[in-house]
J.: 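One structure is given below, represented as structure tokens, and several questions about it will come after.
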Amino acid sequence: MTGDRSIRLCSRCALLFTALVLFSGMQKPPTAQSKPSDDVPVMDGEAGPCSVEFTVTDAVGKPVLNALINVHIAYGFAGVRKLDTGVYTNAEGKGKFIGLPAKVHKPPLEFRATKDDLVGVASVNPASECQAKHSIVMEKKGK
């Protein structure tokens, strides 16, 4: 009798195995995927509702990878709150700040991009452009 039972168990195993094979065959075949996009690096200041996205390029319009964009923000009553933060750009020259305060002590904010001997500046007033996009063109220091 144990022989009959082992045959039944094996047939159940075979049935389960067949079901798994059929189920796995029902899944969609892998499709060709495009290269994942180079995500825009984001720095969250956690100080308000505003944001600004930058595209940093050199003098001939080529995106600058790993440029550091820094900003110093004084906000709150009499500018007693301070926020110093920065973000590096991706291969497309993009970097984004979110969570910026709408009211700053001394507008506009000055965003300074640097890399090696290149520098560039952009001014943004969050009170008048809370969701902004700007470009920064970098040139050699001293120009």
Side-chain angles (χ1 to χ4, degrees), residues 2 5-143:
T2 55
R5 186 170 181 193
S6 64
I7 292 173
R8 272 189 252 141
L9 286 176
C10 287
S11 65
R12 287 182 186 162
C13 292
L15 195 63
L16 181 61
F17 178 74
T18 305
L20 287 172
V21 169
L22 289 175
F23 178 72
S24 66
M26 293 172 59
Q27 294 178 351
K28 293 181 180 178
T31 58
Q33 294 180 358
S34 63
K35 179 183 169 192
S37 66
D38 196 7
D39 292 334
V40 175
V42 176
M43 177 53 66
D44 189 347
E46 299 180 354
C50 297
S51 68
V52 60
E53 182 175 330
F54 291 100
T55 302
V56 179
T57 59
D58 61 15
V60 294
K62 181 179 172 187
V64 179
L65 172 65
N66 290 332
L68 176 59
I69 308 169
N70 280 316
V71 64
H72 170 77
I73 304 171
Y75 65 104
F77 178 74
V80 295
R81 292 187 172 186
K82 309 275 191 256
L83 176 63
D84 290 297
T85 189
V87 68
Y88 284 94
T89 59
N90 64 9
E92 298 170 335
K94 294 186 182 291
K96 185 174 185 176
F97 293 87
I98 63 173
L100 302 178
K103 294 180 181 178
V104 295
H105 184 61
K106 292 183 179 179
L109 297 176
E110 187 176 279
F111 292 84
R112 180 175 299 274
T114 57
K115 182 176 180 184
D116 301 329
D117 63 343
L118 299 174
V119 66
V121 177
S123 296
V124 178
N125 184 350
S128 61
E129 48 182 338
C130 190
Q131 307 299 317
K133 288 189 176 189
H134 284 269
S135 296
I136 298 178
V137 178
M138 298 182 76
E139 295 181 352
K140 288 195 178 209
K141 292 178 184 173
K143 269 192 157 183

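Note that these values count all heavy atoms, side chains included, but never hydrogens, waters or copies made by symmetry.
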J.: For Ala132 and Val124, work out which heavy atoms get closest and say how close.
T.: CB-CG1, 4.5 Å
J.: Nearest 0.5 Å please: distance from the CZ atom of Phe97 over to the CG atom of Leu83.
T.: 9.0 Å
J.: Looking at every heavy atom in both Val64 and Thr57, which two are closest together, and how far apart are they?
T.: CG2-C, 3.6 Å
J.: Show me the pairs that pass salt bridge (Lys or Arg N to Asp or Glu O under 4.0 Å) and involve residues 108-126, at least two apart or across chains.
T.: Glu110-Arg112, Asp117-Lys140
J.: How long is the straight-line distance from CD1 of Ile73 back to CZ of Phe111, given to the nearest 0.5 Å?
T.: 5.5 Å
J.: Are the side chain of Thr89 and the backbone N or O of Ala67 linked by a donor-acceptor pair below 3.5 Å?
T.: yes
J.: To the nearest 0.5 Å, what is the distance between CG on Leu118 and CD1 on Ile136?
T.: 12.5 Å
J.: To the nearest 0.5 Å, how far apart are CG in Asp39 and NZ in Lys94?
T.: 12.5 Å
J.: Please find the pair of heavy atoms, one from Asn125 and one from Pro108, that lie closest to each other, and give the distance.
T.: N-CB, 4.0 Å
J.: Restricting to pairs with a member in residues 70-90, which pass salt bridge (Lys or Arg N to Asp or Glu O under 4.0 Å), not counting sequence neighbours?
T.: none
J.: Less than 4.5 Å apart, any side-chain heavy atom of Leu109 and any of Pro126?
T.: yes
J.: Would you say the side-chain atoms of Gln131 pair up with the backbone N or O of Pro49, donor to acceptor, closer than 3.5 Å?
T.: yes
J.: For the residue pair Glu92 and Thr55, what are the closest heavy atoms and their distance?
T.: O-CG2, 4.1 Å
J.: Could you grab the distance from atom CD of Glu46 to atom CD1 of Ile98, nearest 0.5 Å is fine?
T.: 8.5 Å
J.: Keeping to residues at least two apart or across chains, list the disulfide (SG to SG under 2.5 Å) pairs with something in residues 50-79.
T.: Cys50-Cys130
J.: The test is side chain to side chain contact (heavy atoms under 4.5 Å, CB included); show your working for Val87 and Val42 and say whether it passes.
T.: CA-CA 7 Å; Val87 68; Val42 176; over 6 Å; no
J.: What heavy-atom pair brings Asn70 and Leu68 nearest, and what distance separates the two atoms?
T.: ND2-CD2, 3.4 Å
J.: Once you round to the nearest 0.5 Å, how far does NZ of Lys96 lie from CG of Asn90?
T.: 12.5 Å
